Q: 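Quick one: the structure is below, and I'll ask about it shortly.
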Amino acid sequence: MLRLIDRMTRAVEWVVVALAIIGSAIIVIQMVWISYGVFMRYGMGRPDRMVTEATALLLFPVALLGLAYAMREDSYPRVTLLTDQFSPGLQKLIALMNGAIMVLIGVFFSITTVNATIRAYNSGASSEILNWPRYMLWASAATALCVFTLYATLRLMQIAFSPPPQKDERDGMV
């Protein structure tokens, strides 16, 4: 069972990395666009109204596109000063509870963003200045959150089906 979960996790990691690359590309585009906006405002004396709206609209999807990648790289902050002193079984239980919380939060936000995407698509709403369809922004956020939820679920299953780490007498956990 653990082998199957590991294979599925590796397959989903391709999507996780792809979303992170897309998010990185959007950040580079924003960086260039903001630099252009600053130049137009202060260098040419003619501010570009689109820069502010584009940056604001792209900020939300960009923040979520790297969510699963941060989990893949184990980049979420944790305080383990106390939990490192627990037994391996208790450490596994805490890891399971932490993973379950992440999955539940992912499910909640996935449902919320999918519903927002559907509502934005049905209404035909678009941004005020750029006239970008709002459903496209919501769809990227919904995709990122659904991938995060799937990846968090797979990681939770990996923790659940793997044996607890063994204590080494010399330097703690192995």
Side-chain angles (χ1 to χ4, degrees), residues 1-31 55-121 133-174:
M1 183 68 161
L2 189 57
R3 266 189 162 150
L4 176 64
I5 294 169
D6 286 341
R7 269 188 275 179
M8 289 172 50
T9 303
R10 280 193 299 275
V12 172
E13 281 181 348
W14 284 94
V15 179
V16 167
V17 171
L19 289 176
I21 290 170
I22 291 168
S24 300
I26 291 172
I27 289 172
V28 170
I29 291 167
Q30 283 182 305
M31 179 186 68
T55 303
L57 290 174
L58 291 174
L59 190 62
F60 177 64
V62 164
L64 298 175
L65 286 172
L67 199 59
Y69 186 78
M71 178 179 277
R72 176 184 182 262
E73 297 299 315
D74 198 24
S75 295
Y76 293 129
R78 284 186 298 200
V79 179
T80 60
L81 182 67
L82 182 62
T83 59
D84 284 345
Q85 305 306 315
F86 294 159
S87 69
L90 190 54
Q91 287 182 9
K92 181 176 177 175
L93 179 64
I94 290 171
L96 283 169
M97 290 185 332
N98 185 36
I101 290 170
M102 291 180 126
V103 169
L104 290 173
I105 290 171
V107 167
F108 172 77
F109 283 114
S110 294
I111 292 169
T112 302
T113 54
V114 167
N115 285 338
T117 303
I118 293 167
R119 283 194 316 268
Y121 181 79
R134 291 214 183 253
Y135 77 88
M136 290 177 61
L137 300 166
W138 279 109
S140 62
T143 301
L145 284 164
C146 289
V147 169
F148 168 77
T149 304
L150 174 62
Y151 190 65
T153 302
L154 289 170
R155 294 286 297 259
L156 178 63
M157 291 170 65
Q158 279 180 326
I159 294 168
F161 288 111
S162 66
Q166 299 297 316
K167 268 241 192 217
D168 186 6
E169 301 302 326
R170 291 172 282 142
D171 56 6
M173 303 304 262
V174 177

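Along the sequence shown, residues are numbered consecutively beginning with 1. Just so it is clear, the structure is predicted and the values come from calculations on it, not from any experiment.
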Q: Has Phe60 got more than 12 heavy atoms of other residues, nucleotides or ligands less than 6.0 Å from its CZ?
A: yes

Q: Take Thr83 and Phe86, measure what side-chain contact (heavy atoms from CB on, under 4.5 Å) needs, and give me the verdict at the end.
A: CA-CA 5 Å; Thr83 59; Phe86 294 159; 3.9 Å; yes

Q: Measure the OG1-CH2 distance between Thr143 and Trp138 for me, rounded to the nearest 0.5 Å.
A: 13.0 Å

Q: Starting at NZ of Lys92, measure out to CG of Leu90 and round the result to the nearest 0.5 Å.
A: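 Nearest 0.5 Å value for the NZ-CG distance: 12.5 Å.
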
Q: Mind checking what makes side chain to side chain donor-acceptor pair (under 3.5 Å) contact with Arg78, not counting sequence neighbours?
A: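 Partners of Arg78 by the side chain to side chain donor-acceptor pair (under 3.5 Å) criterion, ordered by chain and then number, come out as Asp74.
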
Q: Only distances under 3.5 Å count here; give the side-chain donor-acceptor pairs of residues 154-161 to other protein atoms, sequence neighbours excluded, each with its distance to 0.1 Å.
A:
| unit_1 | atom_1 | unit_2 | atom_2 | d |
| --- | --- | --- | --- | --- |
| Arg155 | NH1 | Met71 | O | 3.1 |
| Arg155 | NH1 | Tyr151 | OH | 3.2 |
| Gln158 | NE2 | Asp6 | OD1 | 2.6 |

Q: Distance-only criterion, 3.5 Å: show the donor-acceptor pairs between side-chain atoms of residues 17-31 and protein atoms not counting sequence neighbours.
A:
| unit_1 | atom_1 | unit_2 | atom_2 | d |
| --- | --- | --- | --- | --- |
| Ser24 | OG | Ala20 | O | 2.9 |
| Gln30 | NE2 | Thr55 | O | 3.2 |

Q: Identify the heavy atoms of Leu64 and Ala144 that sit nearest to each other, and give their distance.
A: O-CB, 3.4 Å

Q: About how many Å separate OH of Tyr69 and OG of Ser75, when rounded to the nearest 0.5 Å?
A: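 Ser75 OG to Tyr69 OH: 8.0 Å, rounded to 0.5 Å.
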
Q: Just verifying a value: how many Å separate Arg72 CZ and Leu67 CG, rounded to the nearest 0.5 Å?
A: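 That separation rounds to 14.5 Å.
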
Q: Can you name the closest pair of heavy atoms from Tyr76 and Phe148 and give their distance?
A: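 In this case the closest contact between Tyr76 and Phe148 is OH-CE1, 3.5 Å.
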
Q: Give me the atom names and distance for the closest heavy-atom approach of Leu137 to Pro61.
A: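 Shortest heavy-atom contact: O-CG, 3.9 Å.
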
Q: Counting only pairs under 3.5 Å, give me each side-chain donor-acceptor contact of residues 104-112, with atom names and distances, residues two or more places apart or in other chains.
A:
| unit_1 | atom_1 | unit_2 | atom_2 | d |
| --- | --- | --- | --- | --- |
| Ser110 | OG | Gly106 | O | 2.7 |
| Ser110 | OG | Leu145 | O | 3.1 |
| Ser110 | OG | Thr149 | OG1 | 2.9 |
| Thr112 | OG1 | Phe108 | O | 2.8 |

Q: Answer yes or no: are there more than 12 heavy-atom neighbours, outside Leu81 itself, under 6.0 Å from its atom CG?
A: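 No, because the 6.0 Å sphere around CG of Leu81 holds 12 heavy atoms or fewer from other groups.
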
Q: Could you work out, with side chain to side chain donor-acceptor pair (under 3.5 Å) as the rule, every residue matching Thr80, not counting sequence neighbours?
A: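 So Thr80 forms a side chain to side chain donor-acceptor pair (under 3.5 Å) with Asp84.
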
Q: For Arg134, what residues pass the salt bridge (charged side-chain N to carboxylate O under 4.0 Å, His left out) criterion, not counting sequence neighbours?
A: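 Listed in chain order: Glu128.
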
